[in-house]
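Note on naming: letters A, B, ... go to the chains in the order of the sequence lines (proteins, then strands), and numbering restarts at 1 for each one.
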2 protein chains.
Amino acid sequence: RWLVPMIAQTRHLRVPDWVEPCDKFLFRHIGPDPAEIQTMLRTCSFEDLDDMIAKAVPEDIRLRRTPHLDEPLTESEVLERLKQLGSRNQVFRSYIGMGYYGTLTPTAIKRNVLENPGWYTPYTPYQAEIAQGRMESLLNFQTMIQDLTSLPIANASLLDEATAGAEALSMCFSAHNHKRKMFLLDSRCHPQTEALVYTRAKYIGAKVIKQSWENFEFTSDVCGCLVQYPDTHGEIHNIDELVAKAHDAGALVACATDLLALTVMRSPGEFGADIAVGSAQRFGVPLGYGGPHAAFMSCTEKLIRRLPGRLIGVTRDTHGNRAYRLSLQTRENHIRRERATSNICTAQALLANMAAMYAVFHGPQGLKNIANRVHYMTSALADSIADCGHAVNNDYFFDTIKVTPVGLTQDHIMSRAHNLGINLRQYDDGDVGISLDETVTTSDLRDVMSIFTESGIMEDEDANARLSNLPRRRLGELERTSSFLTHPIFNKYHSETELMRYCKHLENKDISLVHSMIPLGSCTMKLNAATEMQPVTWPEFANIHPFAPPSQAQGFIELFEELARDLCAVTGYDAVSLQPNSGAQGEIAGMLAIRGYLESKGEGHRDVCLIPESAHGTNPATATMCGMRVAKVRVTKQGDIDMDHLREQCEKHKNNLAAIMITYPSTYGVFDESVREICETVHGYGAQVYLDGANMNAQMMLCRPGDYGSDVSHLNLHKTFCIPHGGGGPGMGPIGVKSHLAPFLPGHVMTAEGHKFRQVSASPYGSSLIMPISWSYIRMMGAEGLRMSSAVAILNANYMAHRLKDYYEVAFRGKRGCVAHEFIVSFAPFKKYGITCTDVAKRLQDYGFHSPTVSWPVPDSLMIEPTESESKDELDRYVDALIQIRHEIQEVMDGKYPQDDNVIVNAPHPQTFVLAEEWTRPYSREKAAYPVAFLKEGKTWPGCGRVDDAFGDKNLMCSCPPMDSYDA
Amino acid sequence: RWLVPMIAQTRHLRVPDWVEPCDKFLFRHIGPDPAEIQTMLRTCSFEDLDDMIAKAVPEDIRLRRTPHLDEPLTESEVLERLKQLGSRNQVFRSYIGMGYYGTLTPTAIKRNVLENPGWYTPYTPYQAEIAQGRMESLLNFQTMIQDLTSLPIANASLLDEATAGAEALSMCFSAHNHKRKMFLLDSRCHPQTEALVYTRAKYIGAKVIKQSWENFEFTSDVCGCLVQYPDTHGEIHNIDELVAKAHDAGALVACATDLLALTVMRSPGEFGADIAVGSAQRFGVPLGYGGPHAAFMSCTEKLIRRLPGRLIGVTRDTHGNRAYRLSLQTRENHIRRERATSNICTAQALLANMAAMYAVFHGPQGLKNIANRVHYMTSALADSIADCGHAVNNDYFFDTIKVTPVGLTQDHIMSRAHNLGINLRQYDDGDVGISLDETVTTSDLRDVMSIFTESGIMEDEDANARLSNLPRRRLGELERTSSFLTHPIFNKYHSETELMRYCKHLENKDISLVHSMIPLGSCTMKLNAATEMQPVTWPEFANIHPFAPPSQAQGFIELFEELARDLCAVTGYDAVSLQPNSGAQGEIAGMLAIRGYLESKGEGHRDVCLIPESAHGTNPATATMCGMRVAKVRVTKQGDIDMDHLREQCEKHKNNLAAIMITYPSTYGVFDESVREICETVHGYGAQVYLDGANMNAQMMLCRPGDYGSDVSHLNLHKTFCIPHGGGGPGMGPIGVKSHLAPFLPGHVMTAEGHKFRQVSASPYGSSLIMPISWSYIRMMGAEGLRMSSAVAILNANYMAHRLKDYYEVAFRGKRGCVAHEFIVSFAPFKKYGITCTDVAKRLQDYGFHSPTVSWPVPDSLMIEPTESESKDELDRYVDALIQIRHEIQEVMDGKYPQDDNVIVNAPHPQTFVLAEEWTRPYSREKAAYPVAFLKEGKTWPGCGRVDDAFGDKNLMCSCPPMDSYDA
Ligand SMILES: Cc1ncc(COP(=O)(O)O)c(C=O)c1O
Ligand SMILES: Cc1ncc(COP(=O)(O)O)c(C=O)c1O
Ligand SMILES: O=C([O-])O
C-alpha cells in the first residue's frame, strides 16, 4: 500500500506525468530501486513500507501526516537556485583579519582533495590499516603545526580557533586538577575567542580575568593564561617576560597564534609557551563565510595526555613495518565520559589535510616567500597611511595594523572602502583595522592606500613609487631564525605533477565510500552527492569573510533561513541555531540553552543530568563541561531505558534535576516504546529533555522529537543530512529547540544579538560553506523523499539483519521484531575460540570492506548501519562477506585451523605479506587475499598489517618519521 | 649563463622583486627545480641551458631573440581573466539543433570523470593490461551504439558527426574499390556534414550528387548514400524503400542519426542500413561551443575491416581470463599509410566515456523517459504553434520542427526569441527551426510557445492548459519496438553511489599521469594543470551552441584571437586556423590549403607529396586522402632525410611536385641539421613544405618552423599545449600557415567566410571548449616560460639518455651528441635471447610504469619522451626501473632463467596470478611483483595478464561480454 503511494507522492505534483523532469534526485540518492525495495520487503515478510514502519516505529509517536516542505527540485533546478542564491552574495576583498584571511587554494588541491570523493567521503581513521593514506597526511599536518609553533606535540585538528582557545583554558584548568580557578585572558585576543573562553569557564567553574598581561600579577590561584600573538590589533609582543612570570607562579601559558606569521616570527615554543592554538585556514582553505577550517593545538610533552581531539601516531604493524594509527585512543571521549575535559569528536580532518597539502606544495621557502610578501606589503601600506597623516598604532606587526584616522572619519573610510569593494575592520573606538593576505595584488594595495589619502585617490604612479623600494621589516627583535618543515615530505612535492601524484597516492591507500559501503553504526555514511557538493567550491560562497556585513551574504542568509525552517519541519522544533560546528558543539549549545532557561526561571541550581549508561561518550562529557552532575540511568537488556530506574533517579534528584540526555532510536538501534513516557516523566520533575539527534536518519518524516516530548536536539548534518565525513570532519551540529528555549540559543559577539555566554563557535553560522550541502539534500528530496530515506534506511537494516540472523546473533530488536536503521551483531559467542569482533573487523578489510562500529555501545559486537544509499547488491555483498567470515570462524571452531593462526586473527593481510618469498601460514595466500570472487576484479588492500597499539602508545611518535625509515 | 637569466627573465618584470606574486605557474609546471636542473646539466656535461641548446638545436635555425608574448599571469590572475572572458559569453537557451542539443551532465559524471585527472590524463589504451578500466567503458560505448543503431559493430568514437559522414563516404567508396564514383548525399543532411562530405569527395575522386533520395535513380555507378534520420528539418522518413533501392543497385546505405531519437524510433539497422553515424553529444556532453564531443560509427560485419578509428575488443589473457584490447590494431594508420582511407588517430575517448556513463546511469528506461518527454514537449509545441496559425512543416518528427511563420516575419520571431534569451534556427527560406532537448522545463516551453503567439505573450494558465493533456505522438509508424541496452552493465548503476563506485573502480584499474610518468615518444604526456582545466566545466563556456550568434560568444572569440596570435608567435607563422579537432584533421586542413594555393596559381596538377619513410602513418594517409601521390624519401641511419635521395625525388617529380611532409625534430628525436636546406630545396621546385608539428615541444622559443622554411604545420594542442589525452582524445590540431596560404585556411558553411570545400570539422572552431586549456598554459608561461619548457624537455631527455647509455644503446643523436626532447633505445640486441621490446614494455607494467612508444618509428625499440613536467626523482625512478630490467635481461642472457620462462617474457604479472595457490615459475612471486622497493609503498597493478592479440582478432567480439563471463 505505502510504497507505491510513497513513490508516487515523491513525484513533482505540479506538472502532469509526461512533463516530469528526468533528473529527479530521489532514486539517485536511494540505493535500491522500487523493484528491489519490493523484494527486500518480501524477504523480511513486510507487506509494504507502511507495514514495516508500523512495526518499527511505535504507534504513539508515529506521524499521521507528512509535514510540509517545498516540492522537491531536480538536480538541475537546485543548481540553478543555488546560483541565484550565490548571486545574492557579494564577494568583497576582505581585509578584516581576526583570524580569517584571504588565501589562494592551489587548484590542484581543490580538484584532487576538496572536490574528490576519495578524500571527502572516508570516515575517521579508526580502522588504521585502511586509512594509512589520510593518516600520513594528518601526520604532515601535525608535523607542520609542531614545527611552526616549536612545540613537540600537535593534534590532528580542532573545530576553530575560538574553541581551541576554550580547550586551552580547559587544559590549564585540568592540569591543575581544577584547583587553581583563575585564568588570565589577555585583553588583546580576538573577541570570538574571548566569548568562547568565557562560556567554557563559566560552567566548569573557572574565573576569567581579562586584562593585559603586562599588568597582571600571577598568583598561585592562576592556572594559566591565553595571549594572542600577533594580537588581534596586529601588534606583536615579546612574551618572554609573560612566560617567565607565569612559569614562576606555576601557571601555564597558552598562545593563540598565526601559522603564516610563524614562518618569519619567533614561535610560541621558542618563547617557552606550553600550548599554542590557532587556525590553519589561511593555508589554502577558503574563508567560506566562517568555515569549515581546521584549528590546531600543540603543547609540551607534559601535557600530551590532556590534549583534546585526535592524535595520529607512528607505530609498527604485526610484521614490524612502520604504520600510522590514532594514538592514545583510550583518550577518546566515549571512554572518558564524565571525566572528560573536552567532548570533541568530529574535527576538521579534510581541512587539515588541505592545509597540510598547502604546506607540502609550497614548502618552507615558499611559505616564507608568501609571508614576506604579505609583511612587506603591510609595511608599505603602514608607511603610506602614516604619510597621509593618520596614526598607525602599531610599532611592530606582521600583516595587520590598527589605524586611528586623522582628518577623515571612520565612516568616511568605511564608505570609501565599501565603494571599492573592500571590507576593513571597524573598531568601536573609531579605529580601522587592516589585515593583508596572500591574495593582495599591487592594485589591491593601491586601492587600500587610496582609501586613506585626502582625495581618496591614489595615482598608479604614486602607488608604484611607494612600491619601488623595499619597505622596512617591522618584526623588530622577533624575526624567526630557526628552521622548520625540514622533513623531506615538505621539500619534494613542489611541482603540480608531484603534488597531484602525492594526493592520489595517499587517496588510493584508503577505503572510502568510492570503494564500498561503510556501515558504521551511529555514523550514517550515506551518499554525499556531487550536486550537493558543487557550491562548496563556488567563489560566491567560498570567498566571504565571516565578519563581512550581512548585506554581502544575503544568499547565505536566505539559505540559512530555509534550512532552519526545513530542519524545524523535520524535527518538530520551533527554532534552530546553525552555529555549532559539530555534534559535540551542538550538545554544548543545547545544554547551555537548558541551563539558561532554568536560570531564567530562577532554577539555576538544577544541575543533575540523567544519562543512560548506553549513551555516547559525548553526552556525559558535555554535561560535565556544562557544569552538570551526571547520574546514570540503567538500560534494559534491550537497550531501552529502565523505566523503574529512571523514576528512582528522578525521585532521588528531584530537587536538582535539570535534564535527561537520551538518544533516539537508542544507541542499540531500537525504537524504545516508552520515549513519550520518558519525556513526560522527566518533564514531570521540572527538567528538560535533550535528545541526541545522531540517529535522526531513522526518523525523518516518520516521527519528530519535538512532537513526542523532547525540548532540544542537535542534528549531525554530517550524518543524516549528507555532509561528507571528510575522514574525520568537517561536520555541523545545529540544534533545534522548542520555543521556550529559543531565547537561549547561541548568540555571537560580532552580531547585534550576541550573547557572549552562549556562543559555541568562532563564527556566527559555524561552518557556513557546507550548509548548502544539507540544504540541497532537503530541497531535492522534499518531504516524501526524506520519509523515503528513513524508510529505506530502516528497510536496509532490517534486510541485512534478516539475512544475517541464521549466522549470527542479532542482539536487539524492537517490540515487534524490527530493528531501526542500524543493528548490533554479537561476537561474544566466538571469544572462547580466540576470535573477537576486532578480529572480524580486521578480516573485513581483506574483503575490501570497512568494518562497522566496533564494540560500541555493546562490547564484543559490531553495530551495522547501512543507510538508504546502499543498493541491494551492495548489502548482499557485505552480508555475503560476513557469512563467509562465519564459515571461516567455523573452521576455527572445528579445529581445522589453530585459534592463534588463522585468516581471522591474522587479518588483515597486506599485499607485501601475502607476496613475501616465504609463506608459513596453515592456509593459502589465495585464501588470505581472495576469500570471495569479486575481489579479483579489483581489491582495495589494507595498507599494512594489524597495527600494534600497545607499541605505539609506549613509543609515542606523533610527527613525520625520519625519511630513512621509508626505505623498505 | 643561461639558466639563471632564463629563470630571472621568466619573472614578472613589472613589479619589484618583493611584490612578486607567489603563485607563479612556471615551476609548478616544470618538474625539476632550478637546483635539480643544475645537477642534471652537470651530469650531462652541459655548462648551462644555453650550452645545451647550442648543442641540440642547429645554429642556423636557432632563435637569437625570444619572440614577444604578453607577460605571464599567475594562476589566480589567469583564472580571473578567464572569468572576465567567460562573462563576455552569453548563455542563451539554444534550440537550434543541427546535431547539437542541450543536455544535463549528471554532476557525478562531471566530477568523477570529466574533472578527474584519473580519467582525463591517461593515454590511448595501446598498453591493454593497464587500460582495462577505460576499455571496459569504451566497450560500453560501443555496445550502446550497436544497440541503439542495431548494427553489430561500432568503433570507440570519431571526431564529430560531420567527419563521421565523410568517413561513411570513404567507406562506401573504398568498399567498391574506388570503382563506383557516385555518392548520393540526401539533401536533408546537416549543412556541416554536407560540407565535409563534399570536401572529402573532391580529393578522393568521388562525385557527390545532392538531392532527395526519393527521386534518385541508383545506378551501378553509385557506391552509396548518406541520409539523415531524423533529417535536418526534424522530419522522419521511413527509409525501407531507400535501402531496398540502394541494395538492389549494390550500393551501401549510411544513415546519420540521433541516439536519443533511437531510443523511441526504429533504428538504421532495423531498416537494413549498412552504416550509421552521428554524435553522442546529447548524452551528457556539454555543447561547449562546438566540442569536443564523441561521434560514432557503426556498421555491418561485412564492413568491419573498413571501419576507421579504434575498436575495442574482448579477448583473453595468457592465463585464459577475459581481457579487453584494441582490436585489429594492424588497421591503425601507422601501418596502412598510403593505403589508408582514413587518417584518424586521436579520437574522443573521454567524451565517449562520458556518453557511455550517461547511458549506464540512466539505463534504457531512463533514456526512453528522457526521449518521450522531449518528444511530447515538441508535440505540444507544434500544436501550440499550429494553433497560432503558423505552418508546421513536419508530419512526423521526434524533437525538431520547421515552422513557416504566418502573420509574423522571421525577423520578428528571431528578435522575440532573442529578447527571451532563446536561440532558434534561422533558415534562409524564412522558416524557423526549433529543436527541444532534455533541459527544457515547462517554463522554457511556455517561453518558446509565447514567441509564436500573436501578442508574443503566453499566460501561465494557457501554457498549463496546453500541457494538461498528453500530446499526440508524432513518430507515426516509426515507433521502436525492439529492446536495447539489455546488458546488465546498463541496468545496475542507476543510483549515484553505484555510478560513482563504477567510475572509480574503472579509474583505479588503469595507469594515468596521476600514478607515474608516461614517457611516450611523439606524444608529449606533460602536466595537464588543474588551473588550465577549470574553465572546461564553467557553464559560461560549456553551454554555448556552436551556431549561436557570435555576439553571444565574444569571450570565446577574444580567447581564440589571443591563442591564434600566440601560436603565431611560437611558430613563426602568419595565420592560424583553430578548426581542426585533431592532428590528423590539421594535416588534412594543411594539405588542402596547399592544394588550394597551388590551384590558385594554376598549378592544380601538382599532386606528388614527398614523405620520408620515417614519417608518422598519418602523413601518407593524409596525403592520399587529399588526392596526392606519395613518393617516399629515404632517411639516413640517423633518421635524417637523405639529401641525395631528396634531390633525386624532387628531380624525378619536378613537374608534379606539390609538397613535402616532414616532422621536426625528426621522428627519431633528432634536430636534423639540414632542415633549412630541405625547405629551400623543395621550394626550389615550386612545392610547399608541410611540417608536422607533433614535436613542437622541442622547439618553443628555440626555433620556429615559419622562420626556417616551412609553409604550414599542425600543432597538437593535446601534446605541446597541455590538453589532456583523455585516454585517446579529445585533441586539437590547429594549423599555422605563412601568409600566402592564409586565404586557403578552412572556412565554415555556417559563417560568412564559409568555403565549403575546405571545411574539416563540424563546428567553426573545432573543440572550442578545450581551447582555454592551451590558452591558459601559454598565458601562464609567457615567452620565457615556453622557452624554459622546451629547454627542460630537451634536458630531461638528455639526462635520461645519459643515465641509460651504459646499459642500453641509445640509437640516435644529433651532430653534437644531443638528443632532442625524445630518444630511441634499441632492444634489438636482446632478440636472440628471446626478449623483445614488447616484453620490456610489459615488464615495465610490473614496475607500475606505462611503457614508452613501442617499435615506432624504429622496430625493436622504445622511444622515450619524458617532457619537462617530470621531476628528476621521477626520471630517476623510471631509469632505475629500466636498469633493473637490464639486469633481469642479463640473468636470462647468462642462462640463470630460461628464455621462455622469466620475469620479462611472462610479464605483466597480475595480482591474481602472483597470488594463485600454485606457483610454478622459476622465480619467486616477490621477484615478479616487487622488483623495486618503492612498489611496496603502493603499486598500480596490471589488470590482467598479457593479452592474446591473435585470439582476439580471430574471435572478434566488440560488445560487452555476457555477464556470466564476469564471474571468476
Ligand atoms: C550518538 C552520538 N552523539 C553524539 C555524537 C557526536 O557528534 P560529533 O562527532 O559531530 O561531535 C556522535 C558521533 O558519532 C554520536 O554517535
Ligand atoms: C608525428 C605525428 N603526426 C601526426 C599525429 C596525429 O595526431 P592526432 O593523433 O592528433 O591526429 C601524431 C600522433 O601521435 C604524430 O605523432
Ligand atoms: O566520533 C565518534 O565517536 O563517532
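For B:R373, the salt bridge (charged side-chain N to carboxylate O under 4.0 Å, His left out) test picks out no residue, with sequence neighbours left out. Shown here are the side-chain contact (heavy atoms from CB on, under 4.5 Å) partners of B:E918, two or more places apart in sequence or in another chain: B:T920.
Ranking B:H515, B:R501, B:R28, B:K509 against chain A, the residue ahead of the rest is B:R501, based on heavy-atom pairs under 4.5 Å. The residue among A:P106, A:S76, A:S871 with the most heavy atom pairs within less than 4.5 Å of chain B is A:S871. Comparing A:H505, A:R111, A:E75 by how many heavy-atom pairs each has under 4.5 Å with chain B, the most go to A:R111. Counting heavy-atom pairs under 4.5 Å between each of B:P471, B:G366, B:A108 and chain A puts B:P471 at the top. When A:D23, A:L527, A:I109, A:N116 are compared by the number of non-hydrogen pairs under 4.5 Å with chain B, A:L527 comes out ahead. The choice from B:E498, B:Q911, B:M500 that makes the most heavy-atom pairs within less than 4.5 Å of chain A is B:Q911. When A:A380, A:P117, A:G938, A:A929 are compared by the number of non-hydrogen pairs under 4.5 Å with chain B, A:P117 comes out ahead. Most heavy-atom pairs under 4.5 Å with chain A, from the set B:V374, B:L513, B:L935, B:L499: that is B:L513. Ranking A:D873, A:N369, A:N112, A:L470 against chain B, the residue ahead of the rest is A:L470, based on heavy-atom pairs under 4.5 Å. The candidate from A:G118, A:S869, A:S516, A:P539 with the greatest count of non-hydrogen atom pairs under 4.5 Å with chain B is A:S516.
Atom CD of A:Q365 has more than 12 neighbouring heavy atoms from other residues, nucleotides or ligands inside a 6.0 Å radius.
Only the side chain of A:T537 comes within contact range of chain B, with heavy atoms under 4.5 Å apart. Proximity to chain B (any heavy atom under 4.5 Å) is shown, for A:W919, by neither the backbone nor the side chain. Using a 4.5 Å cut-off between heavy atoms, B:E507 touches chain A through its side chain atoms alone. For chain A, the nearby part of B:L79 is the side chain; its heavy atoms alone come within less than 4.5 Å. Both the backbone and the side chain of B:Y376 come within contact range of chain A, each with at least one heavy atom under 4.5 Å from a heavy atom of that chain. Proximity to chain A (any heavy atom under 4.5 Å) is shown, for B:Y502, by neither the backbone nor the side chain. When heavy atoms are compared at a cutoff of 4.5 Å, B:L104 approaches chain A solely by way of its side chain, counted from C-beta outward.
Donor-acceptor pairing under 3.5 Å is lacking for the side chains of B:N508 and A:K504. Side-chain atoms of B:K110 and A:Q534 include a donor-acceptor pair closer than 3.5 Å.
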Practice item. Begin with the C-alpha distance, continue with both residues' side-chain angles, and end with the deciding distance and a verdict on side-chain contact (heavy atoms from CB on, under 4.5 Å) for B:R925 and A:L915. Key: CA-CA 6 Å; B:R925 301 172 195 251; A:L915 281 169; 4.1 Å; yes
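With B:V19 as reference, A:T442 is the one residue of A:V440, A:T442, A:T441 to meet the side-chain contact (heavy atoms from CB on, under 4.5 Å) rule. Tested against A:T497 for a side-chain contact (heavy atoms from CB on, under 4.5 Å), the candidates B:E870, B:E874, B:M517 yield a single pass: B:E870.
Under a 4.0 Å N-O distance rule, the pair A:K927/B:E917 does not qualify as a salt bridge.
For the atom pair OG of B:S495 and CD of A:E868, the computed distance is 11.0 Å after rounding to the nearest 0.5 Å. Remark: B:D33 CG to A:K492 NZ distance equals 13.0 Å, nearest 0.5 Å.
Judged by distance alone, the side chain of B:W18 and the main-chain N or O of A:L467 form a donor-acceptor pair under 3.5 Å.
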